[in-house]
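First up is the structure itself, then whatever we jot down about it.
Counting starts at 1 for both ligands and their atoms, in listed order. Nothing here was measured: the structure is a model prediction, and the numbers come from that model.
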Amino acid sequence: MKKEKGERPNSRIIEKTLNSLSPKSNATLTGYLVLLVLYIATTIIVTTTARATSEINIGSNSLSVNTFAGVFSALSNICIIFMVVYYGKRGFHTAIIALLIQIPMILIGVIRRNNLSSLPGLFTDIFTLIAVIALYVNNDKMDKYQEKLRDQATTDILTGLPNRFACSALISDLIKHGEKFTVVSIDVNNFKSINDTMGFNAGNKVLKEIASRWKEIADRGLSGTLDFITRVAGDEFALIIRNYDSVDKVRKTVMQYDTVLTKVMTIDDCDLYITASFGYASYPEDGNTIDILFKSSDAAMSEVKRQNSSNHIMRFSSDLIKVGRSLEIEQKLRKALEDDTVYFHLQPQFDLSHKLRGFEALARMKDSDGKNISPGEFIPIAEKVGLVDKVDGAVFRKSAQFFGQLLRKANSDITLSVNISVRHLMKNDFLDEVRDIIRKSGVPASQLEIEITESIMIDSAEKALECIKEIKHMGIKIAIDDFGTGYSSLSYLNNFPANLLKIDKSFIDKMNASDSSKQYVAAIISIGHIMNFDVISEGVEDQEQLETLRSIGCDFIQGYIWGRPMPPEEAEAVMLEYA
Ligand code: C2E
Ligand code: MG
Ligand code: MG
């Protein structure tokens, strides 16, 4: 592995980062040399013209050549001052040497030739010397102050490690130069409990000890890779690994950081065994921007935490994005249920003469930034993590409450349909929940409908069927949702106590593309009618679909053509107009 001896990567990189923040970093060596040459040239010109006696004629005036000496003298002094301003110590030393050579030379000239005409030049140089010293002293003070500020901006005060800013600066630099590297997100496990049980001071000591163990590996190059360890926040650290030839080497380096941590740590006479979770992502394979790389390494680290296994290290893989998004939605959903902010929209259903049949209540949930999260995304997650009954329940309760008020305002026989997952349906207290909602909302059972998805329904046990029969017995209608997406056999369907078949949108979408697709929908409608079900088509969007459905005898439609899902206030207006 390429590695310079005695190199201290952390300090070298911090230095580089600090320097990149300084305006002086823009001053190049070429500029310095140009100033030096200009200074020497103007000094030579001043010396030779000062001795010249010839004259230059401009119009009727004749000027002595040494009149121009003042101009060149000013120019040479400006060079000196620029050197001090832009080249710090080096510029200052050059200026002092130049002036200390020049001043005695002029003095000797004045004494030797007994010619006082060079005296003004001598005074100019002495004043320049004073100005240069004052400038340097002042600059030095400013530099120290600036350095302190820069140090504070890039260093974490508690541990002395570089901070998030320095870490991002290095990553940007590496990306700019196309150098491969790996970002490791590290989170100390159970750090909060150390803080809670041992106090804040002990927590700080733990962080300092962790930092010093890791700094030792990074600074002494013990891992064999070029490492840069930073503290990004609280108990979160980030490690940047460079100069490796295989992914295996990266893992070995991370393992070394893991191993030094597991050695007992004695803090305030207590023996602590600290562990951390490590997730890493490599540039360019796992991401090509700072943001993506950190998100990826964080996702891997969160997965390590979630799995809570003895293996503390994981590399990012694209599967984690899905896991990460699901976890994020699960958390948002839990919060929304806790705060009771899951709400509903109502989508109208009509018969073919545009008379309102009723509304379907659809669950809605907002992100913390106000954006909607689609039920297509959060309902499957709710089903997976066992929260769907709570979502169904909230939508059922809230929409029934609203619907009850609506019915009390305007006497109407329209229906409220709610989606209930089979998991929810099979819960022992489901029927009690339904009775409770009916009692509190005042909606008659005959004006309620429960939608059960066909594909889920046919996989379910006898118990679900028993429950559905019970619901039907209470006078509530049953709809088979998304019909056509499952594989219910005709005999199964014949025994199913439904009132309504909802033809899935996918069939309506392609219905007018070919005659056979249209015949297929027509056949579903006929079968539904033979079994005594009403039939509704979902997702009707255009006039052509509407006309086809009318011609093949569909009973109801639901779709954007006559009404999108809408907030309850708008639904009230629709009811007054179309019921
Ligand atoms: P679904 O029960 O089949 O509801 C119909 C879906 O089709 C709704 O999507 C509705 O907005 C959409 N839709 C209706 N007409 C049109 C149309 O003309 N064009 C298009 N492109 N789409 C149309 P949404 O609201 O996104 O709901 C998606 C699914 O989430 C629902 O499908 C249902 O399966 C589930 N869901 C919604 N709310 C609940 C709930 O409270 N509980 C349960 N268990 N599932 C729910
Ligand atoms: Mg539905
Ligand atoms: Mg549907």
Just need the protein heavy atom nearest to atom 15 (N) of ligand 1, so name the residue and atom and give the distance.
-> Gln347 NE2, 3.0 Å

Atom 30 (O) of ligand 1 touched by protein (heavy atom, under 4.0 Å) = yes

Considering only NZ, NE, NH1 and NH2 on the basic side and carboxylate oxygens on the acidic side, decide whether Glu547 and Arg550 come within less than 4.0 Å.
-> yes

Less than 3.5 Å between some nitrogen or oxygen of Glu541 and one of ligand 1, yes or no?
-> yes

Are the charged groups of Arg423 and Asp392 less than 4.0 angstrom apart, N to O?
-> no

Looking only at N, O or S atoms, find the one in Asp481 nearest to the Mg ion (ligand 3) and name it.
-> OD1

Salt-bridge contact Glu330-Arg334 (side-chain N to carboxylate O under 4.0 Å) | yes

Of the backbone and side-chain N, O or S atoms of Glu538, does one lie nearer to the Mg ion (ligand 3) than 2.8 Å?
-> yes

Compute the shortest N/O to N/O distance between Ala361 and ligand 1 and return yes if it is under 3.5 Å, no if not.
-> no

From the Mg ion (ligand 2) out to just under 2.8 Å, does an N/O/S atom of Thr453 turn up?
-> no

Residue and atom name of the nearest protein heavy atom (relative to atom 20 (C) of ligand 1), distance in Å to one decimal = Lys505 CE, 3.1 Å

Does the side chain of Ile210 come within less than 4.5 Å of Arg231's, by heavy atoms?
-> no

Nitrogen or oxygen of Asp392 less than 3.5 angstrom from that of ligand 1 = yes

Is the closest N or O pair between Thr453 and ligand 1 shorter than 3.5 Å?
-> no

Identity of the N, O or S atom of Asp482 lying closest to the Mg ion (ligand 3) = OD1

